[in-house]
Each structure stands twice: as structure tokens, then as C-alpha cells.
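The next block holds one structure in the form of C-alpha cells; read it before the comments.
Bear in mind that the values here come from a model prediction, so they are computed numbers and not experimental data. Order of the sequence lines sets the chain letters (A, B, ...), proteins ahead of strands, with each chain counted from 1.
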Amino acid sequence: MNTPSHFAGAPRGLRSDWCGDLRIDDVGRTVSVTGWVARRREHGEHLAFVDLRDRSGIIQCVVDGAHEVRTEYVLRITGTVRERPDGTRNTELETGAVEIVDCDVEVLNTAEPLPFPIDDRRDVDETLRLRHRYVDLRRARLQRNLVGRARINAAIRGAMDRQGFVEVETPMLIASTPEGARDFVVPSRLSPGSFYALPQSPQLFKQLAMVGGVDRYYQIARCMRDEDLRADRQFEFSQLDLEASFVGQAEILDFVTEAVSDAVATISGDRPVTFETMTWYDAQERFGSDKPDVRFGVELTELTEVFASTDFNAFKAPCVKGIRVPGGAELTRNRLDALTDRAKKLGAKGLVWAKVDGPTAITSPIAKFLTDREVADTVEMLGAESGDLILIVADDRPMVRRVLGALRLDLGRPGVGDGGLRFVWVTEFPLFEGLDESGNPIPAHHPFTMPHPDDIGLLDATGDELTSIRSQAYDLVLNGWELGSGSVRIHRRDTQQRIFGLLGIGADEAQEKFGFLLDAFRFGAPPHAGFAFGIDRLTALLLGEENIREVIAYPKTQSGADPLTGAPSPIEAGQLTELGLRVVVPQPR
RNA sequence: GGUCCCGUGGUGAAGCCUGGAGUUCACGCCGCCCUGUCAAGGCGGAGGUCGCGAGUUCAAAUCUCGUCGGGACCGCCA
């Protein structure tokens with residue numbers, strides 16, 4: 001990657017050059033640069049250094065007196081580029097071999113002292129940052145992130161265009177659909193009492209586009225979901241949304257891999273990148289998660305057979321698994337107790353820990369309940385050595401996976417910028433993730449997902465057997481973050497009706513909720529499949545950020561507020577009247 | 001809906017556990033000095049309702065309860 005200014009375009013207007021562009025080749029030129037005063041160093045009445053900053057970087061200007069200039073003033077400086085005298089070069093600066101001398105300084109605007117420093121060395125209160133986001137945006141970190149995000153978007157658009165995808169915009173004001181997350185709703189003025197919903201994703205529209213013969217659709221789509229915020233979740237987010245006809249899972253994975261690879265290359269060509277494929281079952285068995293972080297080991301090891309006929313009551317369970325924590329024998333009793341608490345909070349009945357002293361010797365509160373054979377087999381299966389810690393959970397299979405999967409992350413997960421970029425395609429997700437109160441299966445992805453061809457016969461099953469049906473749904477995972485998901489869609493009415501039947505959705509209800517899609521499918525829907533992944537999360541990971549707020553220009557706080565604009569805010573009575581709305585504030589109980 | 005952490009001059013922290021005068025550190029700000037600095041340096045100065053409200057106490061930044069704001073997480077996120 002070149003200097004940041006490489007992306008800044010030709011200098012126009014008040015500037016002849018970007019600050020960060022000036023090099024030894026420019027010596028002797030008369031230039032005009034514009035920007036903000038990053039720093040000012042006065043050395044008496046007739047010598048001062050002004051570091052001028054713009055998006056591209058910083059250039060040092062030598063000024064005859066700078067007493068009228070303050071930090072963050074907006075200046076235009078015209079002068080001559082000169083090689084810096086011997087011994088005064090600054091290797092920390094891209095422009096450190098040169099400086100601008102004989103400066104004419106124009107103050108384009110003054111500035112009050114900022115509410116917090118532009119320096120990145122200090123963490124500033126989140127509210128302050130967001131209230132003065134325009135100040136925050138001047139800081140190198142967000143400048144870098146905004147440019148990085150723009151480059152990623154451009155790379156993705158390039159890759160999709162090259163692969164023959166057509167960018168199609170879909171509406172923001174749509175009908176609310178009952179499935180999925182909570183909708184943001186917008187009241188209708190022309191139909192008082194009725195509401196639009198903001199899209200959670202363009203799901204239905206992209207499938208309609210397939211019926212419409214678009215064949216390969218994509219969009220960098222804005223999506224809204226009214227669910228509680230997290231480090232990796234905002235109300236509003238951006239997805240690369242795509243759908244293609246007459247192709248299956250393999251082609252979709254290729255299309256997305258191409259786009260993601262280009263995005264990665266534009267940011268961090270030097271970081272090791274791998275894509276691997278793993279079934280959902282293997283991910284759960286080995287990593288206790290459907291979004292495995294494969295940058296480190298500590299995989300789950302099956303121990304059920306070892307304790308098949310154990311006398312230790314706690315291990316008489318449908319599933320026993322363990323993990324090995326290398327060097328973990330050093331953990332204090334306090335730390336081990338904390339791990340046990342954590343396991344219980346996650347739903348386990350308990351957590352068994354054992355410090356490994358040798359191939360057949362462990363130190364553990366429950367050592368006396370185990371046979372020598374059980375101890376030896378456990379140590380061997382886990383490949384544990386002296387000084388390691390073994391953690392074992394026994395319960396039903398989903399619980400064991402869940403608890404050990406979480407402990408594994410607690411104990412071994414590398415930092416966000418470490419361990420390279422390990423992409424994993426997780427395939428063969430279950431069609432249903434469980435049963436609801438009435439015994440109907442709950443779709444794991446969405447109700448238009450095609451079952452796995454080998455499992456079609458199981459659609460006649462009932463109850464818990466249904467949850468073993470695999471689907472043609474797949475996720476893309478990067479370093480343990482779920483980037484996105486997709487599936488091969490059902491394109492035939494008979495199959496769709498069968499699934500609706502299983503879900504307990506009757507013909508009338510299906511027609512009411514998804515009628516327009518079912519109608520469309522009567523008029524020649526091609527086989528199709530698609531995917532969507534979160535641009536915010538991908539960008540954050542590529543830029544080494546742990547929170548997607550850092551790659552969003554104007555994000556919201558965890559409580560969904562925007563300290564900059566004051567949103568959300570009450571509206572005028574007249575607006576309510578026009579919309580036929582009356583506000584009833586919930587009474588505190 | 002729940003759990004945990006944080007809130008101290010403009011910024012970031014320490015002080016809180018173990019109550020005793022708004023105490024400290026760094027940065028910034030203002031003034032003066034300074035002709036090769038680059039996180040410049042030297043001297044001096046200003047600046048705080050310790051988020052807010054109750055309670056305990058002779059006495060609260062410090063202990064208790066509540067509340068507001070921020071953050072992390074669980075639930076939630078087809």
C-alpha cells in the first residue's frame with residue numbers, strides 16, 4: 001500500500017499539494033498546502049515550526065513567528081520546499097526529509113481549544129467522542145478507518161461487477177414481516193394507522209429479482225434491526241447482499257470468496273489469509289461453536305467413551321468432553337473457581353478441572369472418583385502433558401459444546417490483530433434449530449432455505465428427529481466473528497408449502513405473510529441461492545478494531561442514542577396528529 | 001428483562017477498599033522567555049458542585065441506597 005494520500009486524488013483548489021505527499025523530489029518547488037495546525041513549536045520571535053495536517057499526512061513549515069496561530073486553526077501556507085538541514089530530518093514522518101520555508105501564512109479560520117486532543121494516544125470518553133464526532137473524525141485512527149472502509153467497498157464493488165453482478169437498489173420503506181428481528185417502523189401519513197418497516201435485509205426483494213431475470217444481483221445494502229446493541233451490532237449496518245440464479249452453494253461460495261479476497265488484499269496483503277470449509281457438526285464438535293475461531297487450538301476432545309461405565313456420578317451423562325489448556329496448571333485456585341462460576345453461568349451443572357502431573361497422574365478435586373484407566377485415557381486422548389490443565393464438562397451434547405466452546409475462547413483467544421485472517425465456511429447448518437412450545441420446528445436460517453438433498457427423506461419425520469435435518473445454509477466466519485450467512489433457496493411452491501406445513505404455517509397464513517413471494521414463484525422462479533455478509537464486521541477485523549463503532553462514521557451508543565444530534569427525540573404534536581398517532585408513555589412499575 | 005465495570009479542573013489517570021481542608025501526576029489552555037524543533041524546552045498562572053439525589057456520620061470524592069450517562073456481556077439478534 002502506498003501513502004494514504006495515494007487515495008486522495010489530484011490536489012485542487014486552494015492547495016497545490018497534499019501535505020503528506022511532499023518528498024525530496026519536490027525540493028525547490030513553490031507549493032501551497034492547506035489543513036489544520038497539528039502542532040506549533042515556537043523558538044523566539046522569529047522562528048517557529050508549524051506542523052500542518054490534512055487527510056494525507058503532516059508537513060513541517062518553518063515560519064517567521066507564529067504567535068497568532070493556534071492549534072487546529074485552518075491555514076493555507078504557501079512557501080518553498082527545501083531539504084531539511086543535516087541532523088534535523090525526522091524519520092517518523094513520511095515527509096520528514098523536507099520542510100516548507102519562506103512561508104506566507106493565511107488563516108482561513110480560527111478554532112477554539114478542542115474538547116479532547118486529536119492525539120490518538122489517549123482513550124476518550126465515548127459520549128464525548130460521539131458528541132463531537134467531527135473532532136474524532138480528524139484523528140488518525142478514524143481517518144484511516146474511513147479510508148479503509150471506502151477502499152473495501154470499492155474492492156467489493158469491483159469484484160462483484162467483474163463477476164457479472166448487477167447492483168440493484170431496493171426500497172427502504174417496506175411491509176413489516178413477522179419473522180426475524182424487531183422492525184423499525186415508520187408511520188404512514190397517507191394511510192393513518194398503517195406503517196412501513198425499515199428493511200432488516202433485502203431478502204425478499206433479491207429473490208424477486210431472481211424471478212425477474214436479473215440473474216446476478218448484488219447491493220451494499222443498509223439494514224436496520226431494532227435489537228439491543230453490542231460491540232459487533234448497531235441498529236443500522238451494511239451488508240454485501242447478493243443472489244444468483246442457476247447456481248448452487250459452491251458457486252456462491254466462490255463469488256463471495258472472490259469479493260472478500262479482494263477486500264482483504266486492498267487492506268492487508270501481507271497478513272496470512274486462509275479459507276477453509278467445515279460442516280456445522282464438526283464446528284460444534286471441535287470448537288463448541290457455529291462460528292469457530294480457528295486461530296488457536298484448544299479443541300474440544302470427545303471423552304464420552306472413556307467414561308461410558310464410570311462410577312463417578314457427574315460423568316454419567318449423554319456427553320463428556322474436555323479441553324486441554326497448555327501450561328494451565330499454573331492457574332490459581334481463585335482463577336479456577338472463576339472458571340467454574342463462568343461454566344455455571346453458561347448453564348453447566350459444574351466444571352471439572354484437573355492439573356496434569358504426568359501420563360497417569362492428575363491433581364483434581366475429583367481425582368479419587370476416577371479409575372487409573374480413566375485418568376490415563378483422558379490424559380492421552382487430550383494429548384496433555386505435565387503442567388497442562390484439563391477442563392471437563394458432562395451434560396447433554398449441546399450444553400457441553402456451548403460451555404467448553406465459551407471457556408475455550410476465554411482461555412486462549414488471540415487479540416484482534418493477531419493470528420492472521422482465518423476464514424471458515426461453515427456448511428450444512430441444521431434446517432431447524434429446535435422446537436417451539438407447540439412442537440413446531442423453528443427455522444435456523446429462514447423459512448425459504450432448501451433442505452440438504454440427502455435429508456429430504458427426513459422431512460416426514462416428527463419431533464426432535466426434525467432437528468437432525470441438514471440444510472443448504474452456510475455461514476462465513478472470520479476469526480470467530482460471524483460475518484454473514486446464506487443459503488440455497490426453495491424455488492418451487494410444492495417444496496415451500498411442505499416447509500411451511502412443517503413450520504405450522506397454514507396456507508392462509510403463508511399467503512398473508514409471504515403471499516407476494518409465493519405468487520411470484522408461480523411465474524417461473526429459477527433455482528437460486530445467495531448470501532449476505534456484514535461490511536462493518538469485515539472492515540473492523542481487517543483494520544484491527546474490536547468494535548464496529550470505530551469503522552462507522554456516525555454510530556450510536558449502546559442505548560441507541562446519538563449524542564451528536566440528540567436522536568432519538570420527541571416530535572411535535574402536529575406531526576403526531578398528521579400521522580394519526582397518540583403517544584402513551586409506559587408507566588414505570 | 002438481567003449481570004458486571006466505569007463516571008474526579010478542558011483531556012487522561014491516581015486518590016475510594018481503611019471517611020478527616022479539592023490533594024496529586026501527565027497532557028492541554030493563558031502569559032513571559034527562547035533561532036533547528038518535531039509528544040520542543042524553561043519560568044509563571046488560571047481552571048473542579050469529585051455525574052445527580054437521598055441516607056449514614058461530628059465529618060462523605062471515599063460507606064449505603066436510588067437515579068442518569070458510558071462501556072462489556074447474557075437474554076435478544078429468522
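Across all strands, A/R82 comes closer than 4.0 Å to base atoms (heavy-atom distances). Across all strands shown, A/R121 has heavy atoms under 4.0 Å from base atoms, whether or not it also approaches the sugar-phosphate. A/R70 comes within contact range of the sugar-phosphate backbone alone, with a heavy-atom separation under 4.0 Å but no base atom that close. If you check every strand for non-hydrogen atoms under 4.0 Å, A/H67 touches sugar and phosphate atoms only. Within the 4.0 angstrom heavy-atom criterion, only backbone atoms of the sugar-phosphate kind lie near A/T127; the bases stay farther away. Contacts of A/D119 with the nucleic acid, taken as non-hydrogen atoms under 4.0 Å apart, are absent. Residue A/E92 is classed as having no contact, given no heavy-atom separation below 4.0 Å to the nucleic acid. Nucleic acid contact class of A/A444 (heavy atoms, under 4.0 Å, all strands): sugar-phosphate only. Within 4.0 Å of A/S559, counting heavy atoms only, lie sugar-phosphate atoms of the nucleic acid but no base atom. Note on A/R549: only backbone sugar-phosphate atoms sit closer than 4.0 angstrom, heavy atoms only; bases stay farther off. No engagement by A/E482 is indicated, since no non-hydrogen atom pair under 4.0 Å with the nucleic acid exists.
Ionic pairing of A/R23 and A/E83 is not present here: no N-O contact between side-chain nitrogen and carboxylate oxygen is shorter than 4.0 angstrom. For A/D410 and A/R342, the salt-bridge test passes: some basic side-chain N is under 4.0 Å from an acidic carboxylate O. At a threshold of 4.0 Å, the pair A/E72-A/R70 does not count as salt-bridged, since none of the basic side-chain nitrogens sits closer than that to a carboxylate oxygen. A salt bridge links A/E545 with A/R141; the closest basic N to acidic carboxylate O contact falls under 4.0 Å. The pair A/R537-A/E482 fails the salt-bridge criterion, with no side-chain N (NZ, NE, NH1 or NH2) lying under 4.0 Å from an Asp/Glu carboxylate O.
If you measure from atom CG of A/D410 to atom C1' of B/C73, you get 11 Å, rounded to the nearest angstrom. Computed from coordinates, the A/E227 CD to B/C76 P distance equals 10 Å when rounded to whole Å.
The structure places CG of A/L208 at 12.0 Å from NZ of A/K206, a figure rounded to the nearest 0.5 Å.
A donor N or O paired with an acceptor N or O is not found under 3.5 Å between the base of B/C38 and the side-chain atoms of A/R40. For A/R233 against B/C76, a side-chain N or O and a base N or O form a donor-acceptor pair under 3.5 Å. A/Q60 contributes a side-chain N or O that forms a donor-acceptor pair with the base of B/U37 under 3.5 Å. Scanning atom types as modelled, one donor and one acceptor separated by under 3.5 angstrom connect the side chain of A/R230 and the base of B/G75.
Here the nucleotide nearest the side chain of A/H46, chosen from B/G36, B/G71, B/U35, is B/U35. Which of B/G1, B/A72, B/C38 sits closest to the side chain of A/D51 comes down to B/C38. Of the candidate nucleotides B/G70, B/G36, B/C38, B/G36 has the atom nearest to the side chain of A/P85. The A/N547 side chain lies nearest to B/A72 when the options are B/A72, B/C38, B/G36. When distances run from any side-chain atom of A/P113 to the nucleotides B/C29, B/U35, B/C38, the shortest one goes to B/C29.
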Sequence-aligned protein contact record of nucleotides 8-14 of chain B, with B where the base is within under 4.0 Å of a protein heavy atom and S where only the sugar-phosphate is: --SBS--

Where protein sits on nucleotides 41-52 of chain B, one letter per nucleotide: B base, S sugar-phosphate only, - none, heavy atoms under 4.0 Å: ------------

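Taking atom P on both nucleotides, B/C77 is separated from B/A13 by 35 Å, rounded to a whole Å. The separation of B/U57 from B/C50, taken at their P atoms, amounts to 22 Å, rounded to a whole angstrom.
The environment of A/Q511 atom CD is dense: over 12 non-hydrogen atoms of other residues, nucleotides or ligands sit within 6.0 angstrom.
Side-chain rings of A/F429 and A/Y474 stay apart, their centers remaining 6.0 Å or farther from each other.
Side-chain nitrogen and oxygen atoms of A/T557 include at least one within less than 4.0 Å of the OP1 or OP2 phosphate oxygen of B/G70.
Taking the ring axis of A/F521 as reference, the NZ or CZ atom of A/R489 does not stay both within 45° of it and closer than 6.0 Å to the ring centre.
Under the ring-ring contact (aromatic ring centres under 6.0 Å, His included) rule, A/W425 has a single partner from A/W280, A/F531, A/F533, which is A/F531.
Nucleotide B/A72: paired with B/U3 (Watson-Crick or G-U wobble, both distances less than 3.5 Å).
Considering every non-hydrogen atom in both A/Q284 and A/L300, the closest pair reads O-CD2, 4.1 Å.
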